[in-house]
Amino acid sequence: MKFSTRLIKWYKNQNILMPWRGEKDLYKIWLSEVMLQQTQVKTVIPYYKNWINKFPNIKSAALASEKEILKAWEGLGYYSRARNFQHACKNIVSDYNGEIPLNEIEFLKLKGVGEYILSAVFSIGLGKKLPVIDGNVKRVISRYLGLTNEINSELKNIKSFLDIKIKDVKIPGDFNQAMMDLGRIVCKPKNPNCDICPININCVAFKQGLTQLIPIKLKKKQIPHYKMIIGIIQNNDKFLICKRNSDGLLGGMWELPGGKIKKQESNSTALNRVFSDFGISLKSNSYIGTANHIYSHFSIEQHGYQCDYIKGNLISKNHTEYKWISKGEEVLFPIHKASHKLLAKLKVNYT
DNA sequence: AATTCGTGGAG
DNA sequence: TCTCCAAGAAT
């Protein structure tokens, strides 16, 4: 049997169910692929279902408020995906009469649509013979062909191999999803189950015992670590939350205000300095707790302090809106994980 | 071209 | 605890 025949036979036999499998609505296929970027299937499923309930089509997504969009994405990470997806939906409503462009060049112009999304949506939704290349596929093919250069310098070899293999496939979407399922379930990063792999016969890495070495990857740089003070600024029964700038890290998300602690600086000194720079004066404070959080390129250690507000309006170049809210109201706002960790400690200690 | 974008799970 | 990395794209 041929490579693709073995692969697709295995795929059909697995019959793995996902909410978007078998879906024909391009909008839903597209949404699933956006959510699945750098995110595991299991994580995406509840977010996908919730999103489809709230925004069942392009128009509803385009008409939603930014707050609703980010709230539906809260906790999923890489929030620019949500903002870009809505931007693209608005673009489709205004410039494409509400219909997703079926032309590759036009679809690629949409925000958040790259080579992967194009290939995934057009192969699964339209039957186009465009191979997808994601982390799974890179791993599977680099092992299958025994590619011993750094994985990202082998992309042309991987693509030319797939371009040939997908030509004689009847259902390109199945071929692509089979490749990704195989990488996720069998050809795993560690301890691949080569014994049950449908394409192990011609796999170079398997035959030569190289599955532990391939794919070859560069070592990641160490990420910096920062200490921060975070304020739960109390004013009567309310506390302050701030909306981050729409660009950059956690764009558009709400958070508890705070800032970095300088080296050799005490927590209380940092607390006074940061909020003095924000333009608000505080009095007595009490320690709430510490919450660590790891981002992709740095990590933080948040030291939370509950403070009593005296006067001043918070002005920060990092934020565009400020709001005093009562405890419990935070569920109405899209708030990032790091702030949620401290809010959880607030509940434990002060209810 | 290298960096910047979250969060959670696996081992 | 530590490291890797997941249906990548934008800058």
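In what follows, every chain begins at residue 1, and chains take the letters A, B, ... in the order their sequences are listed. Below, each value reflects all heavy atoms present in this structure, side chains not excepted, and no hydrogens, waters or symmetry copies.
Residues of residues 178-186 of chain A having a heavy atom closer than 4.0 Å to DNA chain C, listed by number: Met180(A), Asp181(A), Arg184(A). Looking at residues 120-141 of chain A, you'll see Asp134(A), Gly135(A), Asn136(A), Arg139(A) sit with a heavy atom under 4.0 Å from some atom of DNA chain C.
Under 3.5 Å, the side chains of Asn152(A) and Lys138(A) contain a donor-acceptor pair of N or O atoms.
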Reading 5' to 3' through nucleotides 4-11 of chain B, protein heavy-atom contacts under 4.0 Å coded B for base, S for sugar-phosphate only, - for none: SBBBBSSS

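In 5' to 3' order, the nucleotides of DNA chain C bounding all contacts with chain A (an atom under 4.0 Å from a heavy atom) are dC5(C) to dA10(C).
Summarising the local packing, NZ of Lys188(A) is surrounded by more than 12 heavy atoms from other residues, nucleotides or ligands at distances under 6.0 Å. Within 6.0 Å of the CD1 atom in Ile105(A), the count of heavy atoms belonging to other residues, nucleotides or ligands does not exceed 12.
Put simply, the side chain of Asn97(A) never gets that close to the backbone of Glu99(A): no donor and acceptor are under 3.5 Å apart.
Residue pairs satisfying the ring-ring contact (aromatic ring centres under 6.0 Å, His included) criterion with at least one member in residues 157-208 of chain A, sequence neighbours excluded, are listed as follows: Phe3(A)-Phe161(A), Tyr144(A)-Phe161(A).
Using the six-membered ring where Trp is involved, Phe298(A) and Tyr226(A) have ring planes that are tilted, between 30° and 60° apart.
The salt bridge (charged side-chain N to carboxylate O under 4.0 Å, His left out) search around Lys12(A) returns Asp174(A), not counting sequence neighbours.
Both Met18(A) and Gln222(A) lie near DNA chain C, and the one whose nearest nucleotide falls closer to the 5' end is Gln222(A).
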